[in-house]
There are 2 protein chains.
Amino acid sequence: MPAELINGTAIARQVREDVARGVAELVATGGAAPGLATVLIGDDPASEVYVRNKRRACTAAGMIDQHRHLPGDVDQATAAALIDQLAADPAVSGILLQLPTPAHLDVEVLLARIPADKDVDGLTVANAGLLAQGRPGLRPCTPSGVMALLDQHDVPLQGAEAVVVGRSVLVGKPMAHLLLERHATVTTCHSRTRDLAEVCRRADVLVVAAGIPGLIGPEAVKPAATVIDVGIHRSGNGLRGDVDTAAVAEVASRITPVPGGVGPMTIALLLANTLTAARRQQGRADGPINGTTAS
Amino acid sequence: MPAELINGTAIARQVREDVARGVAELVATGGAAPGLATVLIGDDPASEVYVRNKRRACTAAGMIDQHRHLPGDVDQATAAALIDQLAADPAVSGILLQLPTPAHLDVEVLLARIPADKDVDGLTVANAGLLAQGRPGLRPCTPSGVMALLDQHDVPLQGAEAVVVGRSVLVGKPMAHLLLERHATVTTCHSRTRDLAEVCRRADVLVVAAGIPGLIGPEAVKPAATVIDVGIHRSGNGLRGDVDTAAVAEVASRITPVPGGVGPMTIALLLANTLTAARRQQGRADGPINGTTAS
């Protein structure tokens with residue numbers, strides 16, 4: 001029997017509606033609408049599309065679009081000054097520096113100027129440390145989105161064997177921490193893992209974020225496992241992921257399609273993080289968003 | 001054939017000698033001797049012993065003992081002011097706040113005032129984030145000590161299956177990161193892990209930091225595995241660890257005894273971190289210490 005498809009598009013829509021409700025409630029109780037500052041440096045067409053989508057989602061949820069655009073030849077000091085200004089601005093709840101930035105800029109230094117409580121992408125060293133130590137902070141959007149998908153499908157995590165393929169700072173490493181926080185037994189695999197299929201076959205929950213099209217086939221999947229595919233690659237036949245979806249769906253019990261699986265969750269969780277940041281900055285309690293408790 | 005014993009006492013001595021040589025070289029080339037500020041609050045007898053041992057090791061390595069002692073009823077502001085003063089003092093290379101502190105103090109707030117580059121215990125959120133993101137920082141002493149033991153015995157890590165039992169902020173979590181940095185396939189187990197023995201039996205390298213005396217017996221050990229026991233417990237027959245050493249030694253190829261395994265490494269790596277901190281503060285390059293490169 002083929003696996004149930006995890007409908008990321010529908011779940012992301014729910015998260016965005018929950019965020020919109022949370023924003024409305026914040027405003028109705030005398031708070032300020034959250035403001036999201038997307039910072040775009042230069043004119044990379046793909047980055048422009050990503051930023052436009054984030055800005056649209058932001059205003060659709062009732063938040064204030066605080067977009068800033070700098071020319072591609074801006075110097076480091078000017079870019080840093082903009083981040084500092086946004087950091088100090090109480091109308092800005094969250095700051096998102098769109099990556100990649102032009103090569104002449106030191107992106108690490110720019111990211112480090114984003115205060116942890118406005119780092120809605122969850123990418124700063126400070127938020128990575130808070131996650132590693134299990135303290136409240138803002139979590140990276142894509143792995144948080146995966147957790148929301150698992151929770152929406154009531155996938156049991158406590159005591160489950162979870163395997164994460166990939167160890168990137170953006171996805172793999174924070175993903176492992178989030179699964180560990182929920183009491184899974186977590187294994188991280190990567191390019192040097194000796195027998196990848198054997199290790200993956202142990203997984204009740206398999207999260208693949210390797211960046212290699214079709215890396216995971218049915219021989220690497222335990223019967224009835226839940227398989228989450230974070231990869232997204234352009235191919236001759238449209239988009240595909242790191243998982244051979246059709247073949248793996250014959251083995252797994254649940255699987256995310258590509259597109260329409262993890263992809264839509266990233267922006268949804270960016271909005272959720274921006275609401276969480278605004279609530280905290282305004283001294284409000286965290287609210288649950290679509291079943292996932294902010295942490 | 002019983003396993004080879006990993007002699008932590010001897011390896012710790014080597015590390016301390018290497019640090020002493022590094023200190024002498026720093027001073028001989030016009031640098032300042034590293035200063036270690038151990039901060040003890042109150043009169044807990046066990047803490048006094050620990051601090052005394054650290055101070056002795058520090059002076060034996062040619063470093064300057066910058067010990068500070070505050071009364072147990074000190075208020076938060078006074079304790080914080082002392083940390084700030086040490087943070088600003090160029091003669092202080094490293095600050096170690098001895099834990100536990102008296103219950104009326106907010107220890108997290110005190111720890112957060114230690115600058116990342118003087119956090120020789122490697123326990124601050126900032127250093128946890130640097131480790132999680134694979135950037136240079138100061139690493140926690142006990143897991144770094146385990147890495148030094150593995151390196152001294154040339155234990156292969158790349159592609160090896162490593163299992164860490166325990167997920168504490170002090171040991172388990174940073175241990176998993178350090179093993180992952182060295183390209184092991186890393187699994188973290190804990191109290192909710194379903195079949196602990198089965199998971200541990202996959203390990204080429206098994207690091208046990210669970211805090212439960214005798215938790216790991218021979219049924220949980222793969223033949224010829226390397227077993228590192230971080231536990232230390234007082235019992236009727238002296239000290240014992242988390243591993244049933246005698247029985248496991250019949251299965252493993254290498255094992256750390258308790259005492260004399262991991263224990264002596266913690267102070268040795270504290271000294272190594274203090275030297276690393278001093279070198280960086282004085283604009284010097286990192287030096288290798290006993291085969292392990294500072295990171």
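Letters go in sequence order (proteins before strands), and every chain restarts at 1. Source: prediction; values computed, not measured.
In terms of non-hydrogen atom pairs under 4.5 Å with chain B, the most contact-rich of A/Ala128, A/Ala126, A/Ala176 is A/Ala128. Between chain A and the residues B/Thr193, B/Val186, B/Thr124, the most heavy-atom pairs under 4.5 angstrom are made by B/Val186. Of all the listed residues (A/Pro174, A/Ala184, A/Cys189), the one sharing the greatest number of non-hydrogen pairs under 4.5 Å with chain B is A/Ala184.
Counting heavy atoms from C-beta outward, B/Leu180 and A/Lys173 have side chains that approach closer than 4.5 Å.
A salt bridge is absent between B/Glu161 and A/Arg194; no separation between the charged side-chain nitrogens and carboxylate oxygens falls under 4.0 Å.
Judged by distance alone, the side chains of A/Arg167 and B/His177 never bring a donor and an acceptor atom under 3.5 Å apart.
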Next item on the list: Start with the C-alpha distance between A/Thr185 and B/Thr187, add both sets of side-chain angles, then the distance that settles side-chain contact (heavy atoms from CB on, under 4.5 Å), and finish with yes or no.
Entry: CA-CA 7 Å; A/Thr185 299; B/Thr187 301; 3.8 Å; yes
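For A/Val164, no part lies near chain B; criterion is any non-hydrogen pair under 4.5 Å.
A donor-acceptor contact shorter than 3.5 Å is absent between the side chain of A/Gln133 and the backbone of B/Gly129.
In terms of heavy atoms, A/His183 sits closest to B/His190 at O-CE1, 3.3 Å. Taking every heavy atom of both residues into account, A/Val125 and B/Arg135 meet most closely at CG2-NE, 3.7 Å.
Around the CZ atom of A/Arg182, the shell of radius 6.0 Å holds no more than 12 heavy atoms that belong to other residues, nucleotides or ligands.
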